[in-house]
Amino acid sequence: MEASRSEAIVLGAMDYRESDRIVTLFTLQHGKVRGVAKGAKRSMRRFGGALEPFARLGVELVVREGLSSLRGADIVSLYPRIRADLLKIALAGYAVEISDRFLPDGAPSPRLFRLLAAYLEHLEQGEARAADRRFFEANFLNILGYRLALDRCAACGEELSPEAARRIGTGGAVLCGACGRVGTPVGPGTVRLLTLCLGTGRFGAVTFPPAALREAGELLDGAISAHLARPLNSLAFLRQIETEPLDAARTRRPVVQEETN
């Protein structure tokens, strides 16, 4: 089979045998691909430190069912500013892990590839803002067909006006005031901002006040966890970093975790 070229983002990598690595790539042309990079631990000419989580690459692949073959990789960006900041590492690691966990093998998704690439570039060039993480999540779910249902009660189906009372139900479901007698309220401002997130493609365009950020966060966390069989490893790490004092978090030694299975 002939090798093909593709843009790719590294979702994860792990050592395999004596000198090889198994790499999970999100490619623009082929979707998610798992491949063997033979001799990657000793071949600086072909791989040269490129197979790092969330690196953006140009790769040469022989795509097969099961494990593909990674013949070579050229670095587009290793995102050095992300790798120098522990909070940015945690956010980038979270973004690539949910991409890995949600994406099926071999199903191209150019919109999702562009969203992930834009988020990594935004983290590289700007600040690590919680609002941008929520912007990424809202659009991530939308592209995959799990769009947040903000204008209709998930229990009774009642259409909800912009000012109607809403509460967060199980799995991030939005409930009307009658069906959702318990749970965190979702204010009209939060609904408006989440709707705005789905209507613009530009990171940094939407800013959440603290209360709206908390409500949006609980809603999105629930919606994402509802589609996962097990918790995200990167989310626990991200929450640990977010709760540490800023100076302590920024001065800890940055570590990018690799795949463990």
Side-chain angles (χ1 to χ4, degrees), residues 6-13 24-29 31-33 50 52-59 75-103 107-148 172 193-208 212-213 216-217 219-221 223-225 227-228 232-239 241-242 249 254 256-257:
S6 181
E7 296 179 58
I9 296 169
V10 179
L11 302 183
T24 304
L25 300 170
F26 182 12
T27 70
L28 178 59
Q29 285 81 355
K32 188 173 77 171
V33 175
E52 297 295 328
F54 59 81
R56 187 167 180 179
L57 311 173
V59 297
I75 295 170
V76 176
S77 180
L78 291 178
Y79 301 109
R81 294 188 183 95
I82 294 179
R83 296 179 194 279
D85 186 303
L86 199 61
L87 178 56
K88 289 186 176 184
I89 287 174
L91 289 164
Y94 170 77
V96 296
E97 188 183 6
I98 65 168
S99 298
D100 188 9
R101 296 278 289 275
F102 272 79
L103 279 169
S109 180
R111 287 180 65 200
L112 192 57
F113 183 92
R114 289 192 290 267
L115 176 69
L116 178 57
Y119 184 38
L120 293 173
E121 187 61 31
H122 188 73
L123 280 174
E124 174 73 3
Q125 300 298 333
E127 298 181 6
R129 300 193 319 147
D132 294 324
R133 171 191 161 195
R134 300 310 185 182
F135 179 93
F136 171 78
E137 291 170 334
N139 283 279
F140 178 88
L141 290 170
N142 181 47
I143 291 169
L144 289 172
Y146 303 126
R147 184 184 179 94
L148 293 175
L193 290 170
L194 285 170
T195 302
L196 187 60
C197 284
L198 296 170
T200 179
R202 184 166 63 87
F203 282 93
V206 182
T207 300
F208 287 82
L213 187 62
L219 180 60
L220 286 160
D221 286 346
I224 289 169
S225 65
H227 299 287
L228 294 172
L232 294 159
N233 297 328
S234 58
L235 185 56
F237 179 60
L238 175 58
R239 286 173 173 166
I241 298 302
E242 288 177 330
V256 179
Q257 295 180 333

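All values below come from the heavy atoms of this structure, side chains included, with hydrogens, waters and symmetry mates left out. Please read all numbers here as calculations on a predicted model, not as lab measurements.
Counting all heavy atoms, side chain and backbone alike, Ala90 lies closest to Ile241 at CB-CG1, 4.3 Å. A pairwise comparison of heavy atoms in Ala55 and Ala50 identifies CB-O, 3.5 Å as the closest pair. In this structure, Val76 and Gly58 approach most closely via the heavy-atom pair CG2-N, 3.8 Å. Residues Pro108 and Leu28 share a closest heavy-atom pair of CB-O, 4.2 Å. The minimum heavy-atom distance between Cys197 and Val206, with the atom names listed, is SG-CG1, 3.9 Å. Contact detail for Tyr79 and Ser77: the closest heavy-atom pair is N-OG, 3.1 Å.
Residues Val59 and Val33 have side chains not in contact (no heavy-atom distance under 4.5 Å, counting atoms from C-beta outward). Contact of the Phe203 side chain with the Phe136 side chain is registered, since non-hydrogen atoms from C-beta on lie closer than 4.5 Å. Glu242 places a side-chain heavy atom less than 4.5 Å from the side chain of Leu238. Residues Leu194 and Leu220 form a side-chain contact, since some pair of their non-hydrogen atoms from C-beta on lies under 4.5 Å apart. Between Ser99 and Phe54 the shortest side-chain heavy-atom distance does not fall below 4.5 Å. Looking at heavy atoms from C-beta onward, Leu148 lies out of side-chain contact with Thr195 at the 4.5 angstrom threshold. Within the 4.5 Å cutoff, the side chain of His227 has no heavy atoms near those of the Leu144 side chain. Residues Leu235 and Arg239 are in side-chain contact: their nearest non-hydrogen atoms beyond the backbone lie under 4.5 Å apart.
Put simply, the side chain of Asp132 never gets that close to the backbone of Tyr119: no donor and acceptor are under 3.5 Å apart. In this structure, the side chain of Glu52 does not engage the main chain of Leu78 through any donor-acceptor pair within 3.5 Å. Without hydrogens or angle criteria, Lys32 side chain to Asp100 main chain gives a donor-acceptor distance under 3.5 Å.
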TODO: Go through Ile224 and Leu141 one step at a time and tell me if the side-chain contact (heavy atoms from CB on, under 4.5 Å) criterion holds.
DONE: CA-CA 8 Å; Ile224 289 169; Leu141 290 170; 4.0 Å; yes
- [ ] Report the C-alpha separation of Thr24 and Val10 in whole Å, then their side-chain angles, then the decisive distance to 0.1 Å, and conclude whether the side-chain contact (heavy atoms from CB on, under 4.5 Å) test is met.
- [x] CA-CA 6 Å; Thr24 304; Val10 179; over 6 Å; no
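Judged by the 6.0 Å distance and 45° axis criteria, Arg129 is not positioned over the aromatic ring of Phe135.
Note that CD1 of Ile89 is 9.0 Å distant from CD1 of Ile82, once rounded to the nearest 0.5 Å. Rounding to the nearest 0.5 angstrom, the gap separating the CD1 atom in Ile9 from the OG1 atom in Thr27 is 10.0 Å. For the atom pair Glu127 CD and Asp85 CG, the distance stands at 10.5 Å (nearest 0.5 Å). Note: Leu116 CG to Leu11 CG = 7.0 Å, rounded to the nearest 0.5 Å. Rounding to the nearest 0.5 Å places CG of Leu193 at 11.5 Å from CG of Leu198. Here the CD-CZ distance, from Glu121 to Arg114, works out to 15.5 Å after rounding to the nearest 0.5 Å.
Salt bridge annotation for Arg56-Glu124: absent, with no cationic side-chain nitrogen under 4.0 angstrom from a carboxylate oxygen. A salt bridge links Arg134 with Glu137: the distance from a Lys NZ or Arg NE/NH1/NH2 to an Asp or Glu carboxylate oxygen falls below 4.0 Å.
Heavy-atom contacts from other residues, nucleotides or ligands closer than 6.0 Å to CD of Gln125 number more than 12.
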